[in-house]
Every structure is written in structure tokens, then in C-alpha cells.
Amino acid sequence: MRVLLLYPLFPKSFWSFEKALELVDRKAMLPPLGLVTVAALLPQEWEFRLVDRNVGDLTEADWEWAELAVMSAMIVQKEDFLHLIQEAKRHKVPIGVGGPYATALPHEAADADFQILDEGEITLPMFVAAVQRGHTQGVFRSDGVKPDVTGTPIPRFDLLNFDSYDSMSVQFSRGCPFQCEFCDIIVLYGRKPRTKTPQQLLAELECLYELGWRRSIFMVDDNFIGNKRNGKLMLRELKSWMASHGYPFRFNTEASIDLAQDQEMMDLMVECNFNAVFLGIETPDEASLTLTQKFQNTRDSLAESVDRIIRSGLRVNAGFIIGFDGEKKGAGERIVRFVEQTTVPLAMFSMLQALPDTALWHRLKKEGRMREQGANINQTTLMNFVPTRPLQDIANEFVAAFWELYDPERYLDRTYQHFLKLGAPKCPGSRVRKLNWVNMRALLILCWRQGVVRKTRVKFWLYLAGILRHNPTVWEHYLGLCALNEHFLEYRQVVQTEIEAQLSEYLATETGLQILPSLEEEKVGEAIAS
Ligand code: SF4
């Protein structure tokens with residue numbers, strides 16, 4: 001069987017970083033880890049051809065070659081995902097679809113011949129059996145059963161063109177023990193984190209090493225410290241593996257903020273050459289955190305926790321959200337102040353969206369507050385439900401705060417302060433690597449753009465001199481973050497233009513919708529609890 005593995009296009013987003021990727025001749029930040037895992041779960045006598053539309057073209061020759069297509073996507077890839085289903089039909093190639101989007105909204109993928117939903121370890125064997133019996137249609141679900149990931153094979157990394165990607169990705173665990181009301185991770189993967197074995201993860205890293213990969217690796221776990229015991233067991237093994245292989249990789253991941261309370265975990269991560277962690281902070285407003293059931297963010301001072309993580313040697317990226325129920329005016333400005341106080345360079349900021357099947361989605365449906373059934377987690381879409389304060393106030397605060405956060409000078413200010421706080425890298429693998437020609441060229445372009453052309457020129461050179469003087473071993477890492485200024489300069493304009501256009505349309509067409517008067521917090525709390 002000749003199988004075409006398809007990964008749809010992403011729209012421009014906070015994380016797409018086109019400008020920075022161009023500088024280093026790459027096309028996408030991350031590879032489609034889900035699809036290469038699917039390839040490993042399908043019969044290995046089948047032939048595979050992977051087309052990631054974000055890095056290469058899908059040609060007529062690909063369709064002619066294929067006997068079957070398999071596609072996986074997230075909700076943000078919706079537009080191209082639906083287009084590719086129609087393309088498969090036009091080329092008379094049967095197509096099976098899966099991944100978070102099809103699993104959350106299967107009716108939107110109803111034109112596909114096969115729906116391989118939930119986690120592939122359970123549903124892919126059902127799909128294979130159906131194909132081998134000659135079936136031409138089918139919907140496969142795991143009915144709430146979550147697979148043990150200790151049997152998941154090594155992803156078929158060999159199908160990827162490494163030169164196209166800035167980073168590789170691996171997964172150690174799935175699921176998260178917390179219960180944030182808006183989160184779809186716990187709906188898709190459950191609240192009992194399931195981990196691979198340390199040996200299993202090391203075998204994946206060994207495979208990447210053998211294939212020649214030597215750059216960053218993103219551990220895509222929903223919450224890397226969801227199972228701290230197993231996480232530490234793995235890190236201890238990883239530490240020896242990294243030392244014996246000469247520290248070939250740098251890691252980054254996502255974790256809950258209680259990481260700050262576990263010094264041993266942070267030290268192990270740093271010793272394994274983890275250099276950044278993404279934290280879901282969401283908002284400094286404690287009432288909103290409580291309402292959204294993000295209790296783990298209310299136990300200690302958020303600012304102190306962020307500070308402790310940075311000073312332990314991990315650069316912090318963080319997510320922020322505006323639009324929680326009961327939120328008071330000025331939430332955008334409070335987020336900007338918090339980000340600047342904590343010096344977080346990459347603050348991913350969005351308006352709250354109710355993702356399908358989440359606790360938030362069900363509550364809002366019950367309250368009759370959903371504006372539309374679909375959902376998008378991009379920064380350029382209005383909220384998909386009726387909030388408790390006027391949507392236009394939230395949208396205006398969001399645009400203003402996003403604009404301030406990514407003012408090029410203010411971005412440089414906090415990036416500089418962050419790298420001073422971070423201190424010198426403690427892992428021997430963090431040493432500065434020899435620059436190749438591509439990196440040299442990127443460095444020259446960066447210095448020209450930010451040190452000569454842009455109005456940031458004075459700060460750019462002052463801060464670079466400061467880094468070389470006070471924390472010289474991080475200069476390459478620091479400039480990598482400075483390069484993202486190019487992306488945000490353009491992206492904040494996209495956010496402003498698109499949100500303002502949608503807001504005008506909303507005000508013109510939906511003013512008939514009732515904007516709920518500010519609900520008293522107790523009432524919202526009761527609604528969440530029910
Ligand atoms: S901590 Fe993160 S992954 Fe876990 S439930 Fe909350 S939002 Fe989801």
C-alpha cells in the first residue's frame with residue numbers, strides 16, 4: 001500500500017516566526033510529530049511519502065503515486081485540512097483523517113472516507129484491519145480508553161527533511177493532572193499523565209542522533225511535570241546519555257508553574273540542557289484564575305515563581321489570556337505590567353476561546369452564550385462566545401496590550417533583562433557552538449536590520465555590549481530571541497488589522513446579541529461547579 005501522509009498549512013501565527021526562519025534557511029519551526037508517529041504505527045511493509053505543506057508542495061505526481069492518504073491536523077489548520085479532503089476526493093484517493101481537529105469536531109470532517117479519531121495506538125489498528133478487509137469507509141473511536149504509551153514505537157523521523165525544520169520534537173508524556181476549565185488537552189488525553197519509559201525516549205533520541213540531528217528538540221508534552229516521579233527518572237537517564245553523546249541537543253518544553261516549587265526537577269532539566277520552558281500563566285488576576293479552575297497558579301506568587309525558574313537557568317516563555325468571566329476592566333494593561341515585571345520575552349497573548357468539548361464549552365452552551373460552534377486558537381480571531389463584559393472592550397484592550405508587548409524597544413528591554421537574570425549556563429552542553437556560514441549570514445542581516453535600519457539601533461548595540469560584558473556565554477541564544485523582533489513587528493500589525501476588522505463586522509451584525517451584564521463572581525462560580 002502506498003500511503004501519502006499529509007500535514008495541512010498553518011496560517012500565520014504567533015509561533016510561525018517566518019522572518020526569523022528565513023534568516024536561517026528553514027521553513028517551519030516544528031515537524032509533524034503526530035504523522036511520523038502514525039507512520040510508525042501503520043504496517044511497516046506499507047510505503048510512505050510525507051508531504052508537510054508548510055515546507056513543501058503537494059504535486060499531481062504525489063496524488064498519482066498514492067493509493068491511500070492519511071492526514072492529521074489541529075484546529076488552526078482547518079482551512080487547508082478541509083481543502084485537502086476535497087482534493088483527495090477529486091483525485092479519487094481514499095483519505096483517512098485524525099488528530100485533535102477531527103477528534104474534537106468529527107462532523108466537520110465528515111467528507112473523509114475514514115475517521116481515525118482519539119489516540120492512534122488504539123484506532124489505527126482498527127483502520128488497518130478495515131482497509132485490509134476492503135472496507136471503503138469507517139469511523140474508529142477508542143470510546144474513552146486511553147492507550148498505554150509504553151508500547152508506542154519510535155516515530156519514523158527518517159521521513160522528515162531535517163533541513164526544513166528549526167527544531168525536532170519528541171513526546172515523553174500525554175495528559176495533565178490539572179483541570180483548567182478552558183483546556184482541551186485533558187479532554188483529548190485525560191487527567192492521568194501517561195509516560196513513556198526512559199529507555200523508550202532515549203531510543204527516540206538515539207534515532208535522531210543516528211540520523212544526524214544536532215539542534216533543538218521540543219518535548220511536546222502537555223505538561224512535562226505532570227508525572228514528576230517518572231519525569232525525574234527519565235531526566236536522570238537522559239543526563240548520562242547527553243554527557244556520553246557530547247550534548248548533541250538543546251531541549252525546551254511546556255510545564256505547569258508548580259515547577260518553581262521543585263528545585264530538583266529544575267536542576268535536572270538544566271543539567272540535561274533544557275534551556276526554555278513554556279508556562280501557562282494566563283493572567284495575574286487571581287479571581288479569574290480561580291474562576292477558570294487554574295488553582296495551581298494561585299498557590300504561590302506568580303511573579304516569584306517565574307523569577308525562581310529563570311534564576312534556576314530556564315528561560316521562561318508564557319501564555320496569557322484575556323476575556324475570563326467576571327474579569328475587571330484593564331486586564332490587558334495588568335498583563336502587560338506583569339510581563340514587563342517578570343521580563344518574559346515571549347508572551348503568547350490571546351483572547352479566550354471555548355474549544356470544543358471542554359468544560360468551558362459545555363458551560364457556555366448550557367448558558368446559551370456560544371456565538372459560533374467552531375473554534376480557533378489563533379491570536380487573530382474574536383472570542384467565540386458572549387463574554388461577561390462587552391466584547392469590544394476586551395478586543396480593544398487585547399489589541400492595545402499586544403501592540404505594547406511587541407513594541408520593538410520594550411521587547412528588547414525585557415529580553416535583555418531576562419538574559420541577565422538567567423545567568424551563565426550551568427550545563428556543559430550550553431557552550432557556544434562554532435558558527436556556520438548560514439548563522440554568520442543571519443547574524444549580519446540581524447545586525448544590519450536591528451542595529452542600523454530600525455529605531456531600536458541604540459538599544460540593540462547597548463544591550464549586546466551589556467550581554468557580552470555581563471553574561472557572554474548566552475550571546476548567541478540572546479540574539480536568537482532578538483531576531484524574533486522582526487516577526488512581532490509584522491505580526492502585531494496583523495493582529496491589530498484582523499481583530500479590528502472582525503470587531504467592526506461584529507458590531508455591525510451582532511449588536512442584537514445580548515451582552516451579559518457583569519455577572520457576580522459567585523454566580524459564575526456556581527455555574528462552573530454545576
Ligand atoms: S495546566 Fe495546562 S495542560 Fe494542564 S489542564 Fe491546565 S491548561 Fe491544560
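Numbering starts at 1 and runs along the sequence shown. Indexing begins at 1, ligand by ligand and atom by atom, following the structure's order.
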### Query
Is it the case that Glu327 and Thr388 place a side-chain donor and acceptor less than 3.5 Å from each other?
no
Is the ring pair [X]/[Y] parallel, tilted or perpendicular, if the boundaries are 30 and 60 degrees?
X	Y	result
Phe349	Phe398	tilted
Phe224	Phe274	tilted
Phe488	Phe17	perpendicular

### Task
With sequence neighbours left out, write down each residue that passes ring pair (Phe, Tyr, Trp, His ring centres under 6.0 Å) with Phe162, or none if nothing qualifies.
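In terms of ring pair (Phe, Tyr, Trp, His ring centres under 6.0 Å), with neighbours along the sequence ignored, Phe162 is linked to Trp213.
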### Query
Evaluating non-hydrogen atoms only, which member of Gln296, Glu254, Arg191 is closest to atom 1 (S) of ligand 1?
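The option holding the nearest heavy atom is Gln296.
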### Query
In terms of residue, atom name and distance, what is the protein heavy atom nearest to atom 7 (S) of ligand 1?
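Ranking protein heavy atoms by distance from atom 7 (S) of ligand 1, first comes Lys294 NZ, 3.5 Å.
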### Proximal protein heteroatoms (N, O or S) of atom 4 (Fe) of ligand 1, under 2.8 Å
Cys176 SG
### Message
Using a 6.0 Å cut-off, check whether atom CD of Gln261 has over 12 heavy atoms from anything other than its own residue.
### Response
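More than 12 heavy atoms, drawn from other residues, nucleotides or ligands, come within 6.0 Å of this atom.
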### Message
If the test is salt bridge (charged side-chain N to carboxylate O under 4.0 Å, His left out), which one of Lys294, Arg299, Lys228, Arg308 qualifies with Asp258?
### Response
Lys228
